[in-house]
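Okay, structure first, notes after.
Just so you know, ligand 1 is whichever comes first in the structure, and atom 1 is the first atom listed for that ligand.
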Amino acid sequence: MNIHEYQGKQILKSFGVAIQEGIVADTPGKAVEAAKQLQVETGTGWWVVKAQIHAGGRGKGGGVKLAKSLDEVKELANNIIGMNLITHQTGPAGKKVNKVLIAQDVYYPGETETDEFYMSVLLNRQTGKNIIMYSTEGGMDIEDVAEKTPHLIYKEEVDPGLGLLGFQARKIAFNLGLSGQAFKEMTKFVTALYKAYVETDSSMFEINPVLRTSDNKILAVDAKVNLDDNALFRHPAYAAMRDLSEEDPAETEASKSDLNFVKLDGNVGCMVNGAGLAMATMDIIKLSGGEPANFLDVGGGANATTVEAGLKIILNDPNVKAILINIFGGIVRCDRVANGVVEAYKNIGEIDVPIIVRLQGTNAEGGKKIIDESGLKVYSAITLKEASDLVQQIVN
Ligand code: GDP
Ligand code: MN
């Protein structure tokens, strides 16, 4: 689960990671109040107004602006709240900004003596260890750094059993070219950051930039925090940070029915049991000349309720020209799935999109018979070849 920068920073702060302080606001009036409060708390006279959306690249897209007076805070908040922000991570449609983070200016008026670093913590699945990636080249797209100057990206593997050891924290501070006070601050920063990553059950932290201020503080200026969905039950406070307005409505609907659904842009909807089979089915759709409209894994217990929920979600997509249901009957029997499809079809009522049902496995023949005799606009297939031929006829 992704969360906003302001929420990520709250979590980091609770673990003792030093952050650029800020207060979130959803109206220009509240933005000014937030700025005043920050002035009292931190002494800052300048502020940054930062669009809160689940995507990076906000600075380049015009979603991060410096305000040098309360009037400017108000004006910028007014411009940014409600804007449709397009960045290289939002896709061409952009994302609507509902909130801004009013943050203290930590680059300080007129000062240039700062350093921007990159730092992330994530899991290396190959080695089964956590990894801290960091670079002197912060503040810019790390993908560019990785491509043009890969030797400037350092990696520190951390054994989860041992945790981040003192010498590792010092090595990181050293490789970032720090000394004196800043060196000490960096070892504290990375130690707290690693602890936060582990204890929040996160799957990724990305802090870009980590700033060395002109007075040698080390601060998280940005925070991209990705929490592991499977561990959210252990963290109700984090689970409550979910922002449904950032998610695709079809995906939200699907998660209510425990369906694994990812919306795509194609014209052939698909419903499959098992993620591997779902991906193979998407390949078949492409080979038949179609484009998958979604990924949908209904899981092990395909029944009338899940089939109906899945069909409804797919049918809501106006791009869908055909639906391919591809179920392998292992534990679930094909005749039950077939009955489920027929029942769901009748419950939904008018469906003008052709549905191809390919059932294979336990009681496949019985399932095909049920589909064929239902009198509905449903085509049955047993082999993948038959199913793909049907897709081809319909979409081409
Ligand atoms: P992103 O573009 O979505 O990654 O958003 P960031 O939070 O990383 O902010 C983008 C850029 O805004 C940073 O790289 C900084 O250069 C700049 N920025 C952020 N905070 C401040 C600040 O307090 N003062 C100034 N002058 N610039 C800031
Ligand atoms: Mn950033």
Minimum-distance protein heavy atom relative to [atom]:
atom                    : value
atom 20 (N) of ligand 1 : Gln20 NE2, 3.2 Å
atom 7 (O) of ligand 1  : Lys50 NZ, 2.6 Å
atom 2 (O) of ligand 1  : Gly59 N, 2.7 Å
atom 12 (O) of ligand 1 : Val64 CG1, 3.5 Å
atom 15 (C) of ligand 1 : Tyr107 OH, 3.3 Å
atom 24 (N) of ligand 1 : Asp105 OD1, 2.5 Å
atom 14 (O) of ligand 1 : Glu116 OE2, 3.5 Å
atom 6 (P) of ligand 1  : Asp222 OD2, 3.5 Å

Taking [X] first and then [Y], would you say they form a salt bridge - that is, a charged N and a carboxylate O separated by under 4.0 Å?
X      : Y      : result
Glu5   : Arg58  : yes
Glu21  : Lys13  : yes
Lys369 : Glu365 : no

What protein N, O or S atoms come within a distance below 2.8 Å of the Mn ion (ligand 2), ordered by chain and number? Asn208 O, Asp222 OD2
Check the orientation of Phe205 and Tyr197. Use parallel for under 30°, tilted for 30 to 60°, and perpendicular for over 60°. perpendicular
On a heavy-atom basis, the closest approach of Asp159 and Tyr194 is O-OH, 4.4 Å
Tell me which donor-acceptor pairs under 3.5 Å the side chains of residues 386-393 have, and how far apart each pair is, sequence neighbours excluded?
residue	atom	partner	partner atom	Å
Glu386	OE1	Ile382	N	2.7
Glu386	OE1	Thr383	N	3.3
Ser388	OG	Lys385	O	3.4
Asp389	OD1	Lys385	NZ	3.0
Asp389	OD2	Lys385	NZ	3.1

When you look at NZ of Lys368, are more than 12 heavy atoms from neighbouring residues, nucleotides or ligands closer to it than 6.0 Å? yes
Would you say NZ of Lys74 has more than 12 non-hydrogen atoms from neighbouring residues, nucleotides or ligands within 6.0 angstrom? no
If we only consider heavy atoms of Ala103, is any one of them less than 4.0 Å away from an atom in ligand 1? no
Can you tell me if Lys224 has a non-hydrogen atom under 4.0 Å from ligand 1? no
Without swapping roles, check the side chain of Thr90 against the backbone of Ile86 for a donor-acceptor pair under 3.5 Å. no
